[in-house]
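As structure tokens, the structure follows; a few thoughts come after it.
Count residues from 1 along the sequence. Read the numbers this way: they start at 1 and go in the same order the structure lists the ligands and their atoms.
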Amino acid sequence: MRSALPAALGGSPAFASQLPLSRPSIPTDLDLLEAFRRVVESGFITKGSQLASFESELSDYLEIEHVVAVSSCTSGLMLLLRCLDLRGDVVLPSFTFMASGHVVRWNGLRPVFADIDPETFNMSPEDTAAAVGDSCAAIMAVHIFGTPCASDDLAAVADRCGVPLIVDAAPAFGAQYPDGTKVGTKGLAEVFSLSPTKSLTAGEGGLITTADGGLAKLLRDAREYGNPGDFNSTIIGMNARMPELSATLGLHSLRRFPEWLGCRQELAARYRANLIGIDGIGVQEIPAGASSTFKDLCITVRTEKYGLSRGELASALALEGVASRAYFDPPVHQQSAYREVGSLRRLPHTDAVSDVVLTLPLYTQMAPSDVDRVCEAVHRIGTFAEEIRASRSIDQPD
Ligand SMILES: *Cc1c(COP(=O)(O)O)cnc(C)c1O
């Protein structure tokens with residue numbers, strides 16, 4: 001079927017107006033506006049009842065004892081590492097969002113990068129064990145693109161080394177581990193993000209989940225400058241509070257969340273079923289029994305088979321009106337801010353995977369027919385790969 005030409009060869013674009021990469025899932029009902037009005041009229045716009053209700057509903061939903069809401073996942077991880085009072089190295093993946101590395105360095109700790117599994121793109125327990133040295137103070141795993149990492153195996157490595165396992169669970173609110181428990185329940189603590197592109201959003205925000213009551217108490221002080229109430233600070237904290245209006249949005253979003261997550265997972269399944277048949281296109285492997293939030297719908301592009309590189313596909317998709325992003329490229333250890341830190345370890349899978357990944361549009365309100373049209377565009381572009389290369393109609397970035 002080589003009838004319709006791709007836009008790169010003068011065909012009409014798959015989308016007349018640009019299909020965005022992501023859109024936030026937010027309730028637009030009058031109930032929410034009414035709740036906002038009540039908060040504003042009450043005069044309690046921080047540290048009020050909305051935050052308390054949100055934390056308690058989250059703790060029921062996630063089936064975890066303590067949920068400490070904060071201003072972002074980044075501030076949550078910064079405070080968590082601070083509360084653990086660590087010295088030395090933190091072993092973490094480099095194939096992740098930059099904030100995972102930044103929180104380590106904000107605490108004066110040294111990031112040591114472990115490689116990923118080339119199929120799940122999550123931290124490899126074997127390479128993590130190899131990366132742990134004498135000065136290792138903690139292991140920080142990440143649920144890449146909302147797909148649960150091998151937390152049990154990583155916890156075993158951490159146990160053997162006598163260090164805590166903490167998890168940057170930013171994109172994974174609502175995901176499930178292979179054993180059926182919800183993400184948020186493993187390691188010493190997990191930290192979610194509620195920023196606009198994540199599965200659950202409160203505008204901005206973060207959630208630290210833990211079964212450790214002492215740690216939860218310390219975190220509650222730490223998010224308020226380290227002030228336990230008597231103005232005799234016990235820890236170098238900061239202002240990382242979640243405002244009441246955010247908590248209100250979070251509470252209302254949480255009520256709709258199971259429905260929204262279901263939509264997103266169906267759209268992701270549709271994408272994956274369509275894409276799997278295209279030569280040279282691959283998808284992230286989801287561990288058997290686990291479920292992902294698919295915060296990012298990530299594909300891999302193998303130039304030898306597809307005919308075009310990841311960068312060429314991205315340019316051809318842009319002409320079709322489809323936004324995409326090479327995510328995560330560069331990986332953290334190759335970023336400018338890490339020039340002095342870099343990585344002393346070889347990370348062959350991280351380097352190889354970051355060269356071929358591409359994120360496609362996915363959001364709750366996306367029409368299933370739009371998913372099909374994106375997949376058709378990927379297929380059509382691949383079919384015409386040689387002609388597109390020969391025509392020099394797109395830039396060839398990498
Ligand atoms: C989004 C994200 C963050 C940052 O979350 P904020 O709430 O914006 O601070 C950190 N780590 C990962 C893996 C993320 O995807």
Side-chain angles (χ1 to χ4, degrees), residues 21-26 54 58 67-82 90-107 111 113-114 116 120-123 138-149 151 154 165-175 183-184 187 189-209 219 223 238-243 246-247 249-250 253 264 284 292-298 325-333 335 337-338 350 353-354 357 359 362-363:
L21 211 48
S22 168
R23 274 188 185 155
S25 304
I26 36 179
F54 189 34
L58 285 162
V67 177
V68 181
V70 286
S71 54
S72 69
C73 174
T74 307
S75 64
L77 285 167
M78 285 166 71
L79 291 177
L80 174 60
L81 286 170
R82 174 61 61 139
V90 175
V91 176
L92 78 159
S94 168
F95 188 72
T96 176
F97 186 59
M98 57 185 77
S100 312
H102 293 359
V103 299
V104 171
R105 298 186 63 197
W106 268 100
N107 276 282
F113 296 108
I116 52 170
T120 65
F121 311 158
N122 269 320
M123 197 177 190
I139 295 173
M140 182 165 79
V142 185
H143 302 305
I144 291 300
F145 305 138
T147 299
C149 66
S151 294
L154 291 165
L165 170 71
I166 64 171
V167 190
D168 175 350
F173 187 91
V183 163
E190 300 203 44
V191 186
F192 296 102
S193 168
L194 304 181
S195 72
T197 61
K198 311 290 172 165
S199 46
L200 176 73
T201 183
E204 296 285 355
L207 306 170
I208 312 167
T209 58
L219 284 162
R223 75 176 168 187
M238 64 167 125
N239 178 352
R241 292 190 295 253
M242 175 181 287
S246 288
L249 178 54
S253 300
R264 194 179 177 89
Q284 182 186 24
S292 176
T293 61
F294 298 103
K295 188 261 161 190
D296 298 288
L297 198 291
C298 172
R325 186 177 297 155
Y327 208 48
F328 301 105
D329 185 36
V332 179
H333 77 282
Q335 294 178 15
Y338 285 73
T350 299
V353 168
S354 61
V357 283
T359 291
L362 178 63
Y363 43 90

Q. Hey, what's the ring geometry for Phe173 with Phe192, parallel, tilted or perpendicular (30° and 60° as the breaks)?
A. perpendicular
Q.
Please verify the inter-ring angle class for Phe121 with Phe95; under 30° counts as parallel, over 60° as perpendicular, anything in between as tilted.
A. perpendicular
Q. OG1/Thr96 to NE2/His143 distance, rounded to the nearest 0.5 angstrom?
A. 11.0 Å
(Q) Quick check for you: to the nearest 0.5 Å, what is the distance between Ile144 atom CD1 and Asn122 atom CG? (A) 6.0 Å
Q.
Using modelled atom types and a 3.5 Å cut-off, is there a donor and acceptor pairing between side-chain atoms of Thr201 and backbone atoms of Leu194?
A. yes
Q.
Whether the side chain of Asp168 engages the backbone of Val142 through a donor-acceptor N/O pair (distance < 3.5 Å, no angle test) should be reported.
A. no
Please tabulate protein-ligand N/O pairs under 3.5 Å for ligand 1, atom names and distances to 0.1 Å.
| residue | atom | partner | partner atom | Å |
| --- | --- | --- | --- | --- |
| ligand 1 | 5 (O) | Ser193 | OG | 3.3 |
| ligand 1 | 7 (O) | Cys73 | N | 2.9 |
| ligand 1 | 7 (O) | Ser193 | OG | 2.6 |
| ligand 1 | 9 (O) | Cys73 | N | 3.4 |
| ligand 1 | 9 (O) | Thr74 | N | 2.9 |
| ligand 1 | 9 (O) | Thr74 | OG1 | 2.5 |
| ligand 1 | 11 (N) | Asp168 | OD1 | 3.3 |
| ligand 1 | 11 (N) | Asp168 | OD2 | 2.7 |
| ligand 1 | 15 (O) | Lys198 | NZ | 2.7 |

